[in-house]
Amino acid sequence: MKELKLEVILSTEKKQKPSFDHLEFGKYFTDHMFIWNYTEGKGWHDPRIVPYQPITLDPAATVFHYGQTVFEGLKAYMTKDEQILLFRPDENFKRFNRSNDRLVMPELDEEGALSALKQLIQIERDWIPTAEGTSLYIRPFMIATEAFLGVHPAKTYQFMIILSPVGAYYKEGINPVKIAVESEYVRAVAGGTGNAKTAGNYAASLKAGEIASENGYSQVLWLDGKENQYIEEVGSMNVFFKINGEVITPALNGSILEGITRKSVIELLNYMNIPIVERKISIHEIQQAYQDGVLEEAFGSGTAAVISPIGELLWKNEKMVINNGEIGSVSKQVYDTLTGIQNGIKEDPFGWAVRV
Ligand SMILES: *Cc1c(COP(=O)(O)O)cnc(C)c1O
């Protein structure tokens with residue numbers, strides 16, 4: 001892989017590291033960050049690793065007004081023998097560029113960005129927690145910085161990477177969550193930006209999440225925005241159901257975000273010879289399967305939790321309790337295998353783990 005030549009300005013004052021036993025998600029940030037600028041006509045320029053610091057932007061910058069911004073999320077893991085592993089990082093930068101294309105933002109040099117990320121992680125290696133389940137969360141993102149209020153794609157951008165040590169998602173074993181099926185709000189519609197990792201989708205999702213939380217539910221199950229019956233995602237995760245021995249996940253349709261964990265779950269289930277299909281699936285079909293006693297497992301998939309089992313679904317006053325509110329055997333196998341590959345403790349027949 002070609003190495004991106006960049007400038008490095010090291011911080012003179014190191015931060016006090018938080019206690020790695022009490023890490024939360026996305027609360028602490030490391031000593032340095034990566035910045036790369038883009039100017040129309042000039043391309044990408046001035047890649048640099050600098051001390052972590054606030055950024056100064058013109059109040060008229062496009063990102064504040066029209067939301068031209070894209071992000072990614074992945075993790076670095078420290079193995080027992082002190083190797084640093086990333087999980088399919090090339091997939092993240094490929095997806096970054098698909099999102100950029102949708103938001104009319106400039107294409108990033110994927111290899112260059114991965115090289116910059118590796119150099120940044122090397123500098124911050126002491127920030128990678130080592131306890132089981134912990135990791136260094138990586139947030140690459142791009143913003144439109146041009147100071148202009150006209151509605152058109154900006155001419156200047158900034159790509160950045162920040163790093164945050166995060167604790168284990170499951171501190172006391174895997175607890176299945178309660179999910180409310182959302183019948184009023186939608187997260188995204190086909191033709192919109194649902195398949196791009198962009199801020200606006202998250203802003204659009206907060207309201208339903210708040211209401212679910214007030215009612216004692218962890219998150220919502222999103223239905224499609226057109227017919228309000230086909231299942232799309234759960235919270236900000238992709239979703240899987242096991243019905244009568246077969247695993248089903250909604251087929252990509254333009255409003256579903258194409259998760260790298262989702263893709264890995266599908267590839268892994270195929271490898272394990274467990275039937276897996278991608279197709280449309282309605283909430284009515286789930287309800288019928290539940291009533292027939294064949295709704296065996298349900299789980300969300302995403303980088304943060306890897307696998308998040310669903311223990312209960314609430315749909316129009318009907319509570320569907322899945323697998324007695326316990327994690328199912330396929331969910332557990334998939335969780336153990338994926339986290340094992342990520343941490344370098346399980347064999348990786350797919351070549352998914354990449355050394356930094
Ligand atoms: C990031 C994201 C996911 C999960 O993607 P992973 O690559 O598996 O982390 C799923 N849904 C939405 C809406 C997302 O933003």
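Order of appearance sets the numbers: ligands from 1, and atoms from 1 within every ligand. This is a predicted model, so every value here is computed, not measured. We number each residue from 1, following the sequence as shown.
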Considering only heavy atoms of [X], which atoms of ligand 1 have at least one such atom less than 4.0 Å away?
{"X": "Ser236", "answer": "2 (C), 3 (C), 10 (C), 11 (N), 12 (C), 14 (C)"}
{"X": "Arg187", "answer": "13 (C)"}
{"X": "Tyr202", "answer": "14 (C), 15 (O)"}
{"X": "Glu233", "answer": "10 (C), 11 (N), 12 (C), 13 (C)"}
{"X": "Gly259", "answer": "5 (O), 6 (P), 7 (O), 8 (O)"}

Please say whether [X] places an N or O atom under 3.5 Å from an N or O atom belonging to ligand 1.
{"X": "Ile260", "value": "yes"}
{"X": "Thr261", "value": "yes"}
{"X": "Arg95", "value": "yes"}
{"X": "Glu258", "value": "no"}
{"X": "Asn238", "value": "no"}

Electrostatic pair [X]:[Y] at N-O distance under 4.0 angstrom:
{"X": "Arg95", "Y": "Glu258", "value": "no"}
{"X": "Lys2", "Y": "Asp109", "value": "yes"}
{"X": "Lys207", "Y": "Glu210", "value": "no"}

Backbone of Ala180 reached by a side-chain donor or acceptor of Trp315 within 3.5 Å |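 No; zero donor-acceptor contacts below 3.5 Å.
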Whether Glu233 side chain and Ile256 backbone form a donor-acceptor pair below 3.5 Å = no
Classify the contact between Glu91 and ligand 1 as side chain, backbone, both or neither, using a heavy-atom distance cut-off of under 4.0 Å.
->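 Glu91 to ligand 1: no contact under 4.0 Å from either part.
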Polar side chain donor-acceptor pair, Gln119 to Ser115, under 3.5 angstrom = yes
Which residue supplies the protein heavy atom nearest to atom 1 (C) of ligand 1, what is that atom called, and how far is it?
->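 Scanning the protein heavy atoms, the shortest distance from atom 1 (C) of ligand 1 goes to Lys197 NZ, 1.4 Å.
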So which protein heavy atom does atom 9 (O) of ligand 1 come closest to, and at what separation?
-> Thr303 OG1, 2.6 Å
Give the ring-plane orientation class for Phe350 versus Trp352, where under 30° counts as parallel, over 60° as perpendicular and anything between as tilted.
->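 The rings of Phe350 and Trp352 lie parallel, inter-plane angle below 30°.
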Is the Trp127 ring parallel, tilted or perpendicular to the Phe20 ring (thresholds 30°, 60°)?
-> tilted
Residues that Phe96 engages under ring pair (Phe, Tyr, Trp, His ring centres under 6.0 Å), provided they are two or more places apart | Phe159
